[in-house]
Amino acid sequence: MREGWAPTALGDVLSQASDPFQVDRAAEYVNLGVRWYGEGVFARESKRGADIKGSRLYRVRAGQFTYNRLFAGMGSFGLVRDQHSDGVVSNEFPLFDVDDRRLVPAYLDLFFQQPSVWARVTEQSTGTTKSRLRWKEHQLLAFQLPLPPLAEQRRIVDLIGAVDDAIEKAEASAAAAGDVYRSLADRLFRSPPASRLGDLAETVPGANWSKADEAGSAEDGYEEVVGIGVTGAAGLDFSKMKYVAGLPAGVHRLRKSDLLVVRTNGNAERIGNVYSAEALEGRPFSAFHLGLRPKSEANAALIFHALSSPAAQRALTGMTSGSTGLKNLAAKKLLELQVPSTTDESFLESLEVASSTVRQHLTGIATLRDLRAKALPALLSGEHAVPDEYDEVMEVAA
(Lines give C-alpha, C1' and ligand atoms only; values in the text may rest on other atoms or scores of the structure.)
Protein backbone atom coordinates (compact mmCIF):
# COMPACT_ATOMS: atom_id res chain seq x y z
CA MET A 1 0.00 0.00 0.00
CA ARG A 2 1.32 3.43 -0.94
CA GLU A 3 2.66 5.96 1.53
CA GLY A 4 -0.10 7.91 3.24
CA TRP A 5 -2.64 5.13 2.77
CA ALA A 6 -3.77 3.22 5.86
CA PRO A 7 -5.99 0.14 6.35
CA THR A 8 -8.86 1.61 8.37
CA ALA A 9 -11.77 -0.09 10.11
CA LEU A 10 -15.04 1.57 9.16
CA GLY A 11 -15.85 1.87 12.86
CA ASP A 12 -13.08 4.48 13.07
CA VAL A 13 -14.77 6.73 10.50
CA LEU A 14 -18.47 5.83 10.83
CA SER A 15 -20.86 6.02 13.75
CA GLN A 16 -24.23 4.32 13.73
CA ALA A 17 -27.16 6.73 13.82
CA SER A 18 -30.74 6.06 14.88
CA ASP A 19 -33.71 8.42 14.79
CA PRO A 20 -36.79 6.20 15.34
CA PHE A 21 -40.40 7.30 15.54
CA GLN A 22 -43.82 5.69 15.92
CA VAL A 23 -45.76 5.26 12.68
CA ASP A 24 -48.84 7.47 12.42
CA ARG A 25 -51.52 5.43 10.65
CA ALA A 26 -52.98 8.55 8.99
CA ALA A 27 -49.65 9.95 7.71
CA GLU A 28 -47.93 9.32 4.35
CA TYR A 29 -44.34 8.06 4.29
CA VAL A 30 -41.77 7.75 1.51
CA ASN A 31 -39.96 4.49 2.17
CA LEU A 32 -36.42 4.30 0.83
CA GLY A 33 -34.72 1.22 -0.56
CA VAL A 34 -31.21 0.49 -1.79
CA ARG A 35 -30.71 -1.05 -5.21
CA TRP A 36 -28.37 -3.97 -5.84
CA TYR A 37 -24.97 -3.76 -7.54
CA GLY A 38 -24.00 -0.45 -5.94
CA GLU A 39 -26.74 1.51 -7.71
CA GLY A 40 -27.69 3.39 -4.57
CA VAL A 41 -30.68 4.68 -2.62
CA PHE A 42 -34.06 5.13 -4.29
CA ALA A 43 -37.53 6.20 -3.21
CA ARG A 44 -40.38 3.71 -3.24
CA GLU A 45 -44.01 4.74 -3.71
CA SER A 46 -45.36 6.58 -0.67
CA LYS A 47 -47.55 4.60 1.75
CA ARG A 48 -50.05 5.46 4.43
CA GLY A 49 -48.99 4.45 7.90
CA ALA A 50 -52.00 2.11 8.05
CA ASP A 51 -50.49 0.11 5.16
CA ILE A 52 -47.06 -0.30 6.77
CA LYS A 53 -46.50 -3.53 8.71
CA GLY A 54 -44.11 -2.26 11.35
CA SER A 55 -44.95 0.23 14.08
CA ARG A 56 -41.56 1.99 13.97
CA LEU A 57 -39.57 3.66 11.19
CA TYR A 58 -36.33 5.66 11.10
CA ARG A 59 -35.70 9.16 9.76
CA VAL A 60 -32.70 9.72 7.49
CA ARG A 61 -30.43 12.69 6.79
CA ALA A 62 -28.64 13.62 3.58
CA GLY A 63 -25.05 12.36 3.59
CA GLN A 64 -25.72 9.30 5.72
CA PHE A 65 -24.55 5.89 4.53
CA THR A 66 -26.96 2.96 4.56
CA TYR A 67 -27.30 -0.59 3.29
CA ASN A 68 -29.75 -3.48 3.20
CA ARG A 69 -28.60 -6.10 5.71
CA LEU A 70 -30.43 -8.85 3.78
CA PHE A 71 -28.89 -8.06 0.38
CA ALA A 72 -25.50 -6.64 1.32
CA GLY A 73 -23.81 -9.42 -0.63
CA MET A 74 -25.61 -8.16 -3.75
CA GLY A 75 -24.06 -4.71 -3.40
CA SER A 76 -27.06 -3.04 -1.74
CA PHE A 77 -25.17 0.01 -0.40
CA GLY A 78 -25.58 3.74 -0.92
CA LEU A 79 -25.57 7.32 0.35
CA VAL A 80 -28.72 9.21 1.25
CA ARG A 81 -28.85 12.08 -1.26
CA ASP A 82 -30.52 15.47 -0.76
CA GLN A 83 -33.58 14.41 -2.79
CA HIS A 84 -34.21 11.50 -0.38
CA SER A 85 -33.71 13.37 2.91
CA ASP A 86 -37.47 13.38 3.60
CA GLY A 87 -37.62 9.60 3.33
CA VAL A 88 -37.68 6.89 5.99
CA VAL A 89 -36.28 3.37 6.32
CA SER A 90 -37.09 0.21 8.25
CA ASN A 91 -34.72 -1.43 10.71
CA GLU A 92 -33.29 -3.57 7.88
CA PHE A 93 -31.46 -0.43 6.67
CA PRO A 94 -28.94 0.65 9.33
CA LEU A 95 -27.82 4.29 9.05
CA PHE A 96 -24.36 5.70 9.66
CA ASP A 97 -22.93 9.19 9.98
CA VAL A 98 -19.63 9.69 8.16
CA ASP A 99 -16.68 11.48 9.78
CA ASP A 100 -15.93 13.74 6.82
CA ARG A 101 -12.73 14.96 8.47
CA ARG A 102 -11.20 11.62 7.52
CA LEU A 103 -13.50 10.06 4.94
CA VAL A 104 -15.21 11.65 1.94
CA PRO A 105 -18.74 10.14 1.87
CA ALA A 106 -18.67 9.74 -1.93
CA TYR A 107 -15.38 7.82 -1.61
CA LEU A 108 -17.08 5.36 0.74
CA ASP A 109 -19.92 5.04 -1.77
CA LEU A 110 -17.41 4.17 -4.52
CA PHE A 111 -15.68 1.61 -2.30
CA PHE A 112 -18.93 -0.33 -1.90
CA GLN A 113 -19.57 -0.35 -5.65
CA GLN A 114 -16.87 -3.01 -6.17
CA PRO A 115 -17.89 -6.62 -6.88
CA SER A 116 -14.78 -7.79 -5.02
CA VAL A 117 -16.10 -6.09 -1.88
CA TRP A 118 -19.55 -7.68 -2.30
CA ALA A 119 -17.86 -11.09 -2.49
CA ARG A 120 -16.09 -10.47 0.84
CA VAL A 121 -19.36 -9.30 2.39
CA THR A 122 -21.10 -12.48 1.18
CA GLU A 123 -18.43 -14.61 2.86
CA GLN A 124 -19.08 -12.86 6.17
CA SER A 125 -22.90 -12.88 5.99
CA THR A 126 -24.69 -15.26 8.33
CA GLY A 127 -28.16 -16.77 8.52
CA THR A 128 -30.18 -19.96 8.62
CA THR A 129 -30.63 -20.23 4.85
CA LYS A 130 -28.95 -18.69 1.82
CA SER A 131 -31.98 -16.47 1.15
CA ARG A 132 -31.91 -15.10 4.72
CA LEU A 133 -28.21 -14.22 5.03
CA ARG A 134 -27.55 -10.90 6.75
CA TRP A 135 -24.50 -8.73 7.19
CA LYS A 136 -24.78 -7.13 10.62
CA GLU A 137 -23.75 -3.66 11.72
CA HIS A 138 -20.82 -4.86 13.82
CA GLN A 139 -19.43 -6.64 10.75
CA LEU A 140 -19.61 -3.47 8.69
CA LEU A 141 -17.89 -1.44 11.42
CA ALA A 142 -15.08 -4.01 11.64
CA PHE A 143 -14.66 -4.06 7.83
CA GLN A 144 -11.46 -2.41 6.61
CA LEU A 145 -10.84 -0.23 3.59
CA PRO A 146 -7.57 1.25 2.31
CA LEU A 147 -7.89 4.94 3.19
CA PRO A 148 -5.76 7.57 1.41
CA PRO A 149 -5.42 11.21 2.49
CA LEU A 150 -8.52 13.37 1.96
CA ALA A 151 -7.01 15.19 -1.02
CA GLU A 152 -6.48 11.92 -2.88
CA GLN A 153 -9.96 10.68 -1.95
CA ARG A 154 -11.41 13.83 -3.53
CA ARG A 155 -9.32 13.34 -6.69
CA ILE A 156 -10.56 9.78 -7.08
CA VAL A 157 -14.18 10.81 -6.50
CA ASP A 158 -13.81 13.63 -9.03
CA LEU A 159 -12.16 11.44 -11.64
CA ILE A 160 -14.76 8.66 -11.43
CA GLY A 161 -17.46 11.34 -11.34
CA ALA A 162 -16.18 12.70 -14.64
CA VAL A 163 -16.50 9.23 -16.18
CA ASP A 164 -20.02 8.91 -14.73
CA ASP A 165 -20.97 12.28 -16.23
CA ALA A 166 -19.70 11.13 -19.61
CA ILE A 167 -21.72 7.90 -19.33
CA GLU A 168 -24.86 9.83 -18.39
CA LYS A 169 -24.48 12.19 -21.36
CA ALA A 170 -23.79 9.27 -23.71
CA GLU A 171 -26.87 7.43 -22.43
CA ALA A 172 -29.01 10.52 -23.03
CA SER A 173 -27.67 10.79 -26.59
CA ALA A 174 -28.26 7.08 -27.17
CA ALA A 175 -31.84 7.38 -25.89
CA ALA A 176 -32.55 10.30 -28.22
CA ALA A 177 -31.03 8.48 -31.18
CA GLY A 178 -33.03 5.39 -30.25
CA ASP A 179 -36.27 7.36 -30.21
CA VAL A 180 -35.57 8.60 -33.75
CA TYR A 181 -34.70 5.11 -34.98
CA ARG A 182 -37.75 3.45 -33.40
CA SER A 183 -40.06 6.08 -34.87
CA LEU A 184 -38.64 5.47 -38.34
CA ALA A 185 -38.79 1.69 -37.89
CA ASP A 186 -42.45 1.86 -36.84
CA ARG A 187 -43.20 3.94 -39.91
CA LEU A 188 -41.53 1.29 -42.07
CA PHE A 189 -43.35 -1.61 -40.38
CA ARG A 190 -46.74 -0.03 -41.06
CA SER A 191 -46.01 0.97 -44.65
CA PRO A 192 -47.61 -0.86 -47.62
CA PRO A 193 -47.32 -3.09 -49.53
CA ALA A 194 -47.17 -5.88 -46.93
CA SER A 195 -46.33 -9.57 -47.28
CA ARG A 196 -46.06 -12.60 -45.06
CA LEU A 197 -42.56 -12.72 -43.60
CA GLY A 198 -42.50 -16.32 -44.85
CA ASP A 199 -42.69 -15.01 -48.43
CA LEU A 200 -39.47 -13.06 -47.88
CA ALA A 201 -37.44 -15.34 -45.60
CA GLU A 202 -37.19 -18.81 -44.11
CA THR A 203 -36.24 -19.95 -40.63
CA VAL A 204 -33.32 -22.23 -39.78
CA PRO A 205 -33.06 -23.92 -36.35
CA GLY A 206 -30.24 -23.50 -33.87
CA ALA A 207 -28.05 -26.17 -32.33
CA ASN A 208 -28.47 -27.85 -28.96
CA TRP A 209 -25.68 -28.03 -26.41
CA SER A 210 -25.55 -27.97 -22.62
CA LYS A 211 -23.73 -25.56 -20.34
CA ALA A 212 -21.40 -28.41 -19.43
CA ASP A 213 -20.31 -28.53 -23.09
CA GLU A 214 -19.14 -24.89 -23.05
CA ALA A 215 -15.67 -23.51 -22.56
CA GLY A 216 -14.90 -19.85 -21.95
CA SER A 217 -11.94 -19.73 -24.33
CA ALA A 218 -10.71 -21.47 -27.47
CA GLU A 219 -9.42 -24.98 -26.90
CA ASP A 220 -8.32 -27.69 -29.32
CA GLY A 221 -11.37 -28.93 -31.23
CA TYR A 222 -13.69 -26.21 -29.92
CA GLU A 223 -15.46 -23.64 -32.10
CA GLU A 224 -16.98 -20.29 -31.18
CA VAL A 225 -20.76 -20.34 -30.81
CA VAL A 226 -23.54 -17.81 -30.24
CA GLY A 227 -25.38 -18.59 -27.01
CA ILE A 228 -28.40 -16.74 -25.67
CA GLY A 229 -26.16 -14.53 -23.51
CA VAL A 230 -24.66 -12.91 -26.61
CA THR A 231 -28.02 -11.48 -27.70
CA GLY A 232 -28.55 -8.97 -24.92
CA ALA A 233 -31.26 -6.35 -24.44
CA ALA A 234 -28.79 -3.60 -25.45
CA GLY A 235 -27.42 -5.48 -28.48
CA LEU A 236 -24.78 -8.10 -29.16
CA ASP A 237 -22.42 -8.76 -26.23
CA PHE A 238 -19.32 -10.40 -27.67
CA SER A 239 -17.84 -10.90 -24.20
CA LYS A 240 -20.43 -13.68 -23.71
CA MET A 241 -19.27 -15.78 -26.68
CA LYS A 242 -18.59 -19.41 -25.76
CA TYR A 243 -16.77 -22.37 -27.32
CA VAL A 244 -18.21 -25.84 -27.87
CA ALA A 245 -16.74 -29.05 -29.28
CA GLY A 246 -18.41 -31.93 -31.07
CA LEU A 247 -21.34 -30.20 -32.77
CA PRO A 248 -22.79 -32.25 -35.65
CA ALA A 249 -21.54 -31.31 -39.10
CA GLY A 250 -25.06 -30.45 -40.24
CA VAL A 251 -25.74 -27.65 -37.75
CA HIS A 252 -26.64 -24.33 -39.33
CA ARG A 253 -24.04 -21.61 -39.35
CA LEU A 254 -24.93 -17.98 -39.74
CA ARG A 255 -24.55 -16.25 -43.07
CA LYS A 256 -23.66 -12.59 -43.41
CA SER A 257 -27.19 -11.60 -44.49
CA ASP A 258 -28.97 -13.74 -41.85
CA LEU A 259 -30.88 -12.35 -38.91
CA LEU A 260 -30.96 -13.89 -35.45
CA VAL A 261 -34.23 -13.87 -33.50
CA VAL A 262 -34.66 -14.75 -29.81
CA ARG A 263 -36.99 -17.78 -29.78
CA THR A 264 -37.07 -18.79 -26.10
CA ASN A 265 -36.68 -16.68 -22.96
CA GLY A 266 -38.12 -16.28 -19.48
CA ASN A 267 -39.04 -12.69 -20.33
CA ALA A 268 -41.71 -12.56 -23.05
CA GLU A 269 -40.65 -9.06 -24.09
CA ARG A 270 -37.20 -10.38 -25.04
CA ILE A 271 -38.68 -12.95 -27.39
CA GLY A 272 -38.60 -11.74 -30.98
CA ASN A 273 -35.66 -9.40 -30.39
CA VAL A 274 -33.75 -9.34 -33.66
CA TYR A 275 -30.05 -8.95 -34.48
CA SER A 276 -28.01 -8.67 -37.67
CA ALA A 277 -25.73 -11.69 -38.04
CA GLU A 278 -23.16 -9.81 -40.14
CA ALA A 279 -20.59 -9.79 -37.30
CA LEU A 280 -21.44 -13.42 -36.42
CA GLU A 281 -20.92 -14.97 -39.83
CA GLY A 282 -19.90 -18.64 -39.86
CA ARG A 283 -20.80 -19.36 -36.24
CA PRO A 284 -23.37 -21.90 -35.00
CA PHE A 285 -26.11 -20.50 -32.78
CA SER A 286 -28.14 -21.96 -29.95
CA ALA A 287 -31.62 -23.45 -30.17
CA PHE A 288 -32.80 -20.56 -27.97
CA HIS A 289 -32.70 -18.60 -31.24
CA LEU A 290 -34.21 -18.87 -34.68
CA GLY A 291 -32.09 -18.05 -37.67
CA LEU A 292 -33.98 -15.96 -40.21
CA ARG A 293 -32.59 -16.33 -43.73
CA PRO A 294 -33.85 -13.78 -46.34
CA LYS A 295 -34.66 -15.37 -49.68
CA SER A 296 -33.03 -12.34 -51.27
CA GLU A 297 -30.00 -10.75 -49.58
CA ALA A 298 -31.29 -7.38 -50.79
CA ASN A 299 -34.22 -7.71 -48.36
CA ALA A 300 -32.06 -8.34 -45.26
CA ALA A 301 -31.93 -4.69 -44.13
CA LEU A 302 -35.63 -4.10 -44.78
CA ILE A 303 -36.65 -7.16 -42.74
CA PHE A 304 -34.24 -6.28 -39.93
CA HIS A 305 -35.53 -2.73 -39.52
CA ALA A 306 -39.17 -3.80 -39.79
CA LEU A 307 -38.76 -6.47 -37.10
CA SER A 308 -36.83 -4.02 -34.89
CA SER A 309 -39.78 -1.63 -34.72
CA PRO A 310 -41.68 -1.36 -31.43
CA ALA A 311 -44.90 -2.31 -33.23
CA ALA A 312 -43.36 -5.52 -34.57
CA GLN A 313 -41.82 -6.35 -31.21
CA ARG A 314 -45.21 -5.98 -29.52
CA ALA A 315 -46.76 -8.25 -32.13
CA LEU A 316 -44.07 -10.90 -31.59
CA THR A 317 -44.47 -10.73 -27.82
CA GLY A 318 -48.18 -11.42 -28.34
CA MET A 319 -47.34 -14.55 -30.35
CA THR A 320 -45.44 -16.24 -27.52
CA SER A 321 -46.73 -19.37 -25.84
CA GLY A 322 -45.98 -21.13 -22.58
CA SER A 323 -47.71 -20.81 -19.21
CA THR A 324 -44.85 -20.49 -16.75
CA GLY A 325 -41.08 -20.33 -16.93
CA LEU A 326 -39.75 -20.16 -20.48
CA LYS A 327 -41.86 -18.56 -23.20
CA ASN A 328 -41.50 -19.59 -26.84
CA LEU A 329 -42.04 -18.21 -30.32
CA ALA A 330 -42.99 -20.80 -32.93
CA ALA A 331 -41.27 -20.46 -36.30
CA LYS A 332 -44.62 -20.89 -38.03
CA LYS A 333 -46.11 -17.90 -36.19
CA LEU A 334 -43.08 -15.76 -36.90
CA LEU A 335 -43.37 -16.41 -40.62
CA GLU A 336 -47.05 -15.36 -40.59
CA LEU A 337 -46.17 -11.84 -39.46
CA GLN A 338 -47.04 -9.17 -42.02
CA VAL A 339 -44.04 -7.01 -42.97
CA PRO A 340 -43.40 -4.50 -45.77
CA SER A 341 -42.16 -6.16 -48.95
CA THR A 342 -40.53 -3.04 -50.37
CA THR A 343 -39.70 0.55 -49.44
CA ASP A 344 -38.09 3.65 -50.84
CA GLU A 345 -34.29 3.31 -50.95
CA SER A 346 -33.72 6.76 -49.47
CA PHE A 347 -35.94 5.89 -46.51
CA LEU A 348 -34.02 2.66 -45.98
CA GLU A 349 -30.79 4.67 -46.03
CA SER A 350 -32.21 6.95 -43.32
CA LEU A 351 -32.95 3.88 -41.20
CA GLU A 352 -29.41 2.59 -41.73
CA VAL A 353 -27.94 5.91 -40.60
CA ALA A 354 -30.21 6.07 -37.55
CA SER A 355 -29.39 2.46 -36.62
CA SER A 356 -25.66 3.06 -37.05
CA THR A 357 -25.85 6.13 -34.83
CA VAL A 358 -27.50 4.13 -32.05
CA ARG A 359 -24.83 1.41 -32.31
CA GLN A 360 -22.05 3.99 -32.12
CA HIS A 361 -23.53 5.49 -28.97
CA LEU A 362 -23.95 2.06 -27.38
CA THR A 363 -20.34 1.15 -28.24
CA GLY A 364 -19.16 4.37 -26.62
CA ILE A 365 -21.18 3.67 -23.49
CA ALA A 366 -19.77 0.13 -23.25
CA THR A 367 -16.24 1.50 -23.59
CA LEU A 368 -16.82 4.07 -20.83
CA ARG A 369 -18.35 1.46 -18.51
CA ASP A 370 -15.42 -0.86 -19.12
CA LEU A 371 -13.03 2.00 -18.34
CA ARG A 372 -14.87 2.70 -15.10
CA ALA A 373 -14.94 -0.96 -14.09
CA LYS A 374 -11.16 -1.21 -14.53
CA ALA A 375 -10.24 2.19 -13.12
CA LEU A 376 -12.29 1.96 -9.92
CA PRO A 377 -10.49 -0.95 -8.21
CA ALA A 378 -7.09 0.28 -9.44
CA LEU A 379 -7.65 3.71 -7.92
CA LEU A 380 -9.26 2.52 -4.68
CA SER A 381 -6.49 0.01 -4.02
CA GLY A 382 -3.75 2.61 -4.51
CA GLU A 383 -2.38 0.60 -7.41
CA HIS A 384 -2.50 3.74 -9.56
CA ALA A 385 -2.16 7.25 -8.17
CA VAL A 386 -3.95 10.36 -9.34
CA PRO A 387 -1.08 12.88 -9.59
CA ASP A 388 -1.15 16.04 -7.47
CA GLU A 389 -1.18 18.08 -10.69
CA TYR A 390 -4.76 16.87 -11.23
CA ASP A 391 -5.92 19.50 -8.72
CA GLU A 392 -4.36 22.27 -10.80
CA VAL A 393 -5.99 20.94 -13.97
CA MET A 394 -9.39 20.88 -12.29
CA GLU A 395 -8.94 24.46 -11.01
CA VAL A 396 -8.22 25.64 -14.55
CA ALA A 397 -11.22 23.68 -15.91
CA ALA A 398 -13.49 25.20 -13.27
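Computed from a predicted structure; not experimentally measured.
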**Prompt:** Charged N to carboxylate O under 4.0 angstrom, D97 versus R61?
**Reply:** yes
**Message:** Taking the basic N atoms (NZ, or NE/NH1/NH2) and the acidic carboxylate oxygens, is any pair closer than 4.0 Å for D237 and K240?
**Reply:** yes
**Item:** R283 with E223: basic N within carboxylate O range, under 4.0 Å
**Value:** no
**Asked** Are more than 12 heavy atoms from other residues, nucleotides or ligands located less than 6.0 Å from atom CD of E269?
**Response** no
**Message:** If you count every heavy atom of other residues, nucleotides or ligands that lies below 6.0 Å from R187 atom CZ, does the total exceed 12?
**Reply:** no
**Prompt:** For the ring pair F285 and Y275, is the centre-to-centre distance below 6.0 Å?
**Reply:** no
**Qualifying residue for ring-ring contact (aromatic ring centres under 6.0 Å, His included) with Y67, from F93, F112, W135** = W135
**Message:** What I want to find out is whether R255 reaches E297 closely enough, with some N-O distance under 4.0 Å, to be called a salt bridge.
**Reply:** no
**Request:** Verify the cluster assignment for L335 and V204: are they in a single hydrophobic cluster under the rule of side-chain heavy atoms below 4.5 Å apart?
**Result:** no
**Asked** Would you find a donor on one side and an acceptor on the other, under 3.5 Å apart, between the side chain of K327 and the backbone of G322?
**Response** yes
**Message:** Contact between H252 and D258 at the side-chain level, heavy atoms closer than 4.5 Å - yes or no?
**Reply:** no
**Heavy-atom check, side chain of L316 versus side chain of Q313, under 4.5 Å** = yes
**Polar side chain donor-acceptor pair, T367 to D370, under 3.5 angstrom** = no
**Request:** Test ring pair (Phe, Tyr, Trp, His ring centres under 6.0 Å) on F65 and F111 and set out the steps.
**Result:** CA-CA 12 Å; F65 182 73; F111 178 77; 9.5 Å; no
**Asked** When you check the side-chain N and O atoms of H289 and S286, is any donor under 3.5 Å from an acceptor?
**Response** yes
**Prompt:** Taking atom types as modelled, is there a side-chain donor on N328 or T264 under 3.5 Å from an acceptor on the other?
**Reply:** yes
**Item:** Within 6.0 angstrom of R196 CZ, more than 12 heavy atoms from elsewhere
**Value:** yes
**Request:** Look at the side chain of Y107 and the backbone N and O of E152, then say whether any donor-acceptor pair between them is shorter than 3.5 Å.
**Result:** no
**Asked** Looking at side-chain heavy atoms only, is the closest gap between P105 and D109 below 4.5 Å?
**Response** no
**Distance-only side-chain donor-acceptor flag, R359 / S355, under 3.5 Å** = yes
